[in-house]
Asker: 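This is the structure, below, for whatever I ask next.
All residue numbers refer to positions in the sequence shown, counting from 1.
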Amino acid sequence: MNKLYIGVALLTLSVSAQAQNLPFDFYSFKMNNMYNVNPAYTGKTDGVNIILDARAQSKGVPNATKNLMTGVHGKFTDNQAIGGRIVSDGRGAFQVLKADFTYASKIKLATDHALTLGLSAGVFNKSLAISRIENYSALDQTDPTLSYFNTTQFIGGVGALYTYKTLEVSLSSPHLVETSQAVNQFLNASAAYTFKASKDINVTPWVSYQNVPVIKNIAGLFVKSSYKDLVWLQVGYQSNSSFGGMFGANIGNFGLGYGFQLNNKATKTIAVGTHEIAFTFKINKRNKGAINTNDNSNASMLSIINRLDNLTANKNMSKAELRAELEKIKVELKKLSASNFAGENPDTIEQNINVIDKKIKEIEAQL
C-alpha cells in the first residue's frame with residue numbers, strides 16, 4: 001500500500017510539472033501558424049482563413065504528446081478582425097482543452113508602419129485521464145488527488161504585432177491570466193524580414209525567443225525560402241539543441257505543409273522526434289469592383305482601373321493572391337468586345353486601355 005501511495009505522489013509531481021511547463025509546447029511556434037502564438041495575427045491577411053494543425057511529439061513513447069489546433073479568423077472591417085480557436089493537447093495522463101475567441105485592431109502609425117494589438121479570451125479545461133496511467137485499476141478511485149486536476153478556468157492573452165513593409169516584430173503573452181492562478185510570465189517574441197533573392201524567390205530569416213517559466217528559456221534561428229509563393233522550405237535550430245525542417249505547397253487557396261523536428265541528445269534515445277502537418281484554406285473576400293461576366297450589363301473600364309488601383313494599394317495580399325486576382329482581370333479583359341463600349345468616346349477608350357496596360361505592368365513588376 002505504501003508503494004501505491006508513493007506511486008500516486010510521484011504521478012502528482014510529474015503531472016504538476018507538466019502542467020507548469022505546458023505553455024512551452026502548447027504555444028510553441030507552429031508551422032506557418034503565428035495565429036496560434038499571437039492573437040494580433042487575427043485577420044492579418046484578407047479573406048477568411050481556416051487552419052488545421054496537428055503535432056505529434058516524442059513519437060515512440062507511450063501516450064506521447066499530441067496537439068491538435070483548429071481555428072478560423074478574418075477581418076470584418078479594414079482594420080479590425082475576429083477569430084476563434086480550439087486546441088486539444090494530451091501528454092501522458094494529462095489532457096487539456098482550450099477554446100477561445102480572438103480580436104485584433106490595426107493602427108496605422110505612418111506610411112508602411114502599422115501596429116496591431118490583439119486580445120484572446122476563453123475557457124481552459126484540465127483533466128486527468130486515469131485510464132492512461134499504468135495499472136490504473138490498482139489506484140484508489142476515491143483519492144481526491146485524482147480529481148484535483150479536473151478544472152475549467154477562464155483564460156486570457158494579449159499580443160502585439162509591428163509591421164514595416166516586409167518586417168514583422170511580434171510579442172505576445174498568450175496565457176497571461178488564468179482563473180485562480182498567478183499572472184503567467186510565459187512570453188513569445190519573434191522578428192522576421194523578407195527580401196527578394198531573385199525575381200521568383202523570397203527569403204525570410206527570422207529569430208524567436210520564448211521566456212518559459214520553470215524550465216530553461218529557448219531561442220531559435222530559422223530561414224524560410226519560397227518560390228513564387230507556390231512552394232516553400234524552412235530549416236532552423238533552437239537553443240535546446242534541436243534541429244528542424246519544414247516544407248509545403250500552396251495550390252490556389254489551399255495550403256499543405258509538413259514539418260519534422262529532431263530530438264536533442266537528452267531524448268533521442270527514447271523517441272524519434274516531432275512530426276507536424278498543417279492544412280490551410282482561404283475564402284477570398286468578394287471584390288466590390290468585380291465584374292459579373294454572367295449578367296447582361298456592360299463591363300466598365302473604370303471598374304477595372306479601380307480594381308487595379310485596389311490591388312496596388314493593398315499591402316496585405318500575398319503574391320499568390322495578387323497574381324490570382326490579376327489573372328482574373330486579364331481573363332475578363334479578353335471577354336470584352338466593342339459592344340461593351342457602344343456610345344463611348346474612342347479617345348477615352350484608348351486612354352483607359354493605356355492606363356490599364358500601365359497598371360498591369362506595374363503590378364507584374366512586383367511579382
Asker: So that I can tick it off, tell me whether Lys330 and Glu364 are bridged by a salt bridge, with the cut-off set at under 4.0 angstrom between side-chain N and carboxylate O.
Answerer: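 Looking at Lys330 together with Glu364, the answer is yes, because their closest N to O distance falls below 4.0 Å.
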
Asker: Please assess Lys165 against His113 for the test side-chain contact (heavy atoms from CB on, under 4.5 Å), listing each intermediate value before the final yes or no.
Answerer: CA-CA 7 Å; Lys165 294 185 178 179; His113 293 264; over 6 Å; no

Asker: Identify the two heavy atoms, one from Asn38 and one from Ser172, that lie closest to each other, and give their separation to 0.1 Å.
Answerer: CG-CB, 3.6 Å

Asker: Would Arg55 and Asp53 pass as an ion pair if we require N to O under 4.0 Å?
Answerer: no

Asker: Can you sort out the partners of Lys282 under salt bridge (charged side-chain N to carboxylate O under 4.0 Å, His left out), two or more places apart, ordered by chain and number?
Answerer: Glu321

Asker: Which other residues belong to the hydrophobic cluster containing Val123, where Ile, Leu, Val, Met, Phe, Trp and Tyr are joined when side-chain heavy atoms lie under 4.5 Å apart, directly or via other members?
Answerer: none

Asker: Check whether Ile363 and Leu230 end up in the same hydrophobic cluster, where Ile, Leu, Val, Met, Phe, Trp and Tyr are linked by side-chain heavy atoms less than 4.5 Å apart.
Answerer: no

Asker: Roughly how far apart are Glu362 CD and Leu308 CG, rounded to 0.5 Å?
Answerer: 9.5 Å

Asker: Go through His175 and Phe186 one step at a time and tell me if the ring-ring contact (aromatic ring centres under 6.0 Å, His included) criterion holds.
Answerer: CA-CA 7 Å; His175 200 119; Phe186 179 82; 8.2 Å; no

Asker: In the hydrophobic clustering that connects Ile, Leu, Val, Met, Phe, Trp and Tyr at side-chain heavy-atom distances below 4.5 Å, which members other than Val177 occupy its cluster, ordered by chain and number?
Answerer: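 Result for Val177 is Leu119, Phe154, Val158, Leu176, Val183.
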
Asker: Can you tell me how far the CZ atom of Phe222 sits from the CD atom of Gln234, to the nearest 0.5 Å?
Answerer: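 Atom-to-atom, Phe222:CZ and Gln234:CD are 6.5 Å apart.
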
Asker: Considering all heavy atoms of both residues, which atom of Gln80 and which atom of Ser105 are nearest to each other, and what is their separation?
Answerer: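 Scanning both residues, the minimum pair turns out to be CG-OG, 4.4 Å.
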
Asker: With clusters built from Ile, Leu, Val, Met, Phe, Trp and Tyr whose side-chain heavy atoms come within less than 4.5 Å, directly or transitively, what are the remaining members of the cluster of Tyr103, listed by chain and number?
Answerer: Phe76, Ile82

Asker: Between Leu187 and Ser173, does the side-chain contact (heavy atoms from CB on, under 4.5 Å) criterion hold? Intermediate values first, please.
Answerer: CA-CA 5 Å; Leu187 294 174; Ser173 179; 3.7 Å; yes

Asker: At what distance, to the nearest 0.5 angstrom, does CG of Leu161 lie from OG of Ser170?
Answerer: 6.0 Å

Asker: Evaluate the criterion side-chain contact (heavy atoms from CB on, under 4.5 Å) for residue pair Tyr35 and Met69; output intermediate values, then yes/no.
Answerer: CA-CA 11 Å; Tyr35 177 56; Met69 180 269 185; 3.8 Å; yes

Asker: Less than 4.5 Å apart, side chain to side chain, heavy atoms only: is that true for Ser190 and Trp206?
Answerer: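 Yes - at least one pair of side-chain heavy atoms lies under 4.5 Å apart.
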
Asker: If we ignore hydrogens and angles and just use 3.5 Å, is the side chain of Asn250 paired with the main-chain N or O of Ala320 as donor and acceptor?
Answerer: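 Pair absent, no side-chain N/O of Asn250 close to backbone of Ala320.
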
Asker: Could you walk me through whether Gln238 and Gln261 pass the side-chain hydrogen bond (donor to acceptor under 3.5 Å, both in side chains) test, one step at a time?
Answerer: CA-CA 10 Å; Gln238 289 182 306; Gln261 185 173 3; 2.9 Å; yes

Asker: Taking only residues two or more places apart in sequence, or in another chain, which ones meet Phe279 in a side chain to side chain contact (heavy atoms under 4.5 Å, CB included)?
Answerer: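 So Phe279 forms a side chain to side chain contact (heavy atoms under 4.5 Å, CB included) with Leu52, Phe254, Leu256, Ile277.
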
Asker: When you look at Ser242 and Asn240, which way does the side-chain hydrogen bond (donor to acceptor under 3.5 Å, both in side chains) test go after all the steps?
Answerer: CA-CA 6 Å; Ser242 63; Asn240 59 350; 2.8 Å; yes

Asker: Once you round to the nearest 0.5 Å, how far does CD1 of Ile305 lie from CD1 of Ile329?
Answerer: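 Here the rounded value is 11.0 Å.
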
Asker: Using 0.5 Å steps for rounding, measure from the OG1 atom of Thr312 to the CZ atom of Arg307.
Answerer: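 With rounding to 0.5 Å, OG1 (Thr312) is 12.5 Å from CZ (Arg307).
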
Asker: What distance separates Lys319 NZ from Asp229 CG, expressed to the nearest 0.5 Å?
Answerer: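 Lys319 atom NZ to Asp229 atom CG measures 6.5 Å (nearest 0.5 Å).
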
Asker: Please enumerate all residues that pass side-chain hydrogen bond (donor to acceptor under 3.5 Å, both in side chains) together with Asp46, with sequence neighbours excluded.
Answerer: Lys75, Asn314

Asker: Using every non-hydrogen atom in the two residues, find where Met246 and Gly259 come nearest and quote the distance to one decimal.
Answerer: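 In terms of heavy atoms, the two residues are closest at CG-CA, 3.8 Å.
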
Asker: In sequence, state the C-alpha distance, the side-chain angles, and the governing distance for Thr194 and Thr166, and then conclude on side-chain hydrogen bond (donor to acceptor under 3.5 Å, both in side chains).
Answerer: CA-CA 5 Å; Thr194 301; Thr166 61; 5.3 Å; no

Asker: Can the positive tip of Lys224 be found less than 6.0 Å from the middle of the six-membered ring of Trp232, inside 45° of the ring normal?
Answerer: yes

Asker: Tell me whether Ile86 is reachable from Phe101 by hopping between hydrophobic residues (I, L, V, M, F, W, Y) whose side-chain heavy atoms are closer than 4.5 Å.
Answerer: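 No; Ile86 is not reachable from Phe101 via cluster members.
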
Asker: With Tyr41, which residues qualify under ring-ring contact (aromatic ring centres under 6.0 Å, His included), at least two apart?
Answerer: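 Tyr41 satisfies ring-ring contact (aromatic ring centres under 6.0 Å, His included) with no residue once adjacent residues are dropped.
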
Asker: Check the pair Thr116 / Thr163 against side-chain contact (heavy atoms from CB on, under 4.5 Å), numbers first and verdict last.
Answerer: CA-CA 8 Å; Thr116 304; Thr163 57; 5.8 Å; no

Asker: Are Val235 and Tyr258 co-members of a hydrophobic cluster defined by side-chain heavy atoms under 4.5 Å apart?
Answerer: no

Asker: Does Thr280 reach the main-chain N or O of Ile51 with its side chain, forming a donor-acceptor pair under 3.5 Å?
Answerer: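 Flag not set: sc Thr280 to bb Ile51 has no pair under 3.5 Å.
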
Asker: List the residues meeting salt bridge (charged side-chain N to carboxylate O under 4.0 Å, His left out) with Asp309, not counting sequence neighbours, and say none if there are none.
Answerer: Lys359

Asker: For Arg85, is there an ion pair with Asp100 - N to carboxylate O distance below 4.0 angstrom?
Answerer: yes

Asker: Run the side-chain hydrogen bond (donor to acceptor under 3.5 Å, both in side chains) test against Thr152 and tell me which residues pass, sequence neighbours left out.
Answerer: Asn125

Asker: Specify the closest pair of heavy atoms between Asp89 and Gln95, including all atoms of both residues, with the distance to one decimal.
Answerer: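 Nearest pair, atom of Asp89 first, then Gln95: O-NE2, 3.2 Å.
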
Asker: Would you confirm whether Asn253, through its side chain, and Phe281, through its main-chain N or O, come within 3.5 Å as a donor-acceptor pair?
Answerer: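 Not a single qualifying donor-acceptor pair exists.
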
Asker: Please give me the minimum heavy-atom distance between Lys108 and Asn79, naming the atom from each residue.
Answerer: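 Minimum heavy-atom contact is CE-OD1, 3.9 Å.
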
Asker: Which heavy-atom pair separates His73 from Gly43 by the least distance, and what is that distance?
Answerer: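 Result for this residue pair: ND1-N, 2.8 Å.
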
Asker: With sequence neighbours excluded, what pairs up with Arg323 under the side-chain hydrogen bond (donor to acceptor under 3.5 Å, both in side chains) test?
Answerer: none

Asker: Holding to side-chain hydrogen bond (donor to acceptor under 3.5 Å, both in side chains), I want the full list of residues that pass it with Asp357, two or more places apart in sequence or in another chain.
Answerer: Lys361

Asker: Would Glu178 and Lys98 count as a salt bridge (Lys or Arg N to Asp or Glu O under 4.0 Å) if you check the C-alpha gap in whole Å, the side-chain angles of each, and the deciding distance to 0.1 Å?
Answerer: CA-CA 12 Å; Glu178 182 181 343; Lys98 184 191 79 167; over 6 Å; no

Asker: If you link ILVMFWY side chains whenever their heavy atoms are less than 4.5 Å apart, which other residues fall into the same cluster as Tyr162? By chain and number, please.
Answerer: Ile107, Leu109, Leu115, Leu117, Tyr164, Leu167, Val169, Tyr193, Phe195, Ile201, Val203, Val223, Tyr227, Val231

Asker: Quick check: is Leu171 connected to Met34 through a chain of hydrophobic side chains (ILVMFWY, heavy atoms under 4.5 Å apart)?
Answerer: no

Asker: Can you tell me if Ser120 uses its side chain to pair, donor with acceptor, with the backbone of Gly157 under 3.5 Å?
Answerer: yes

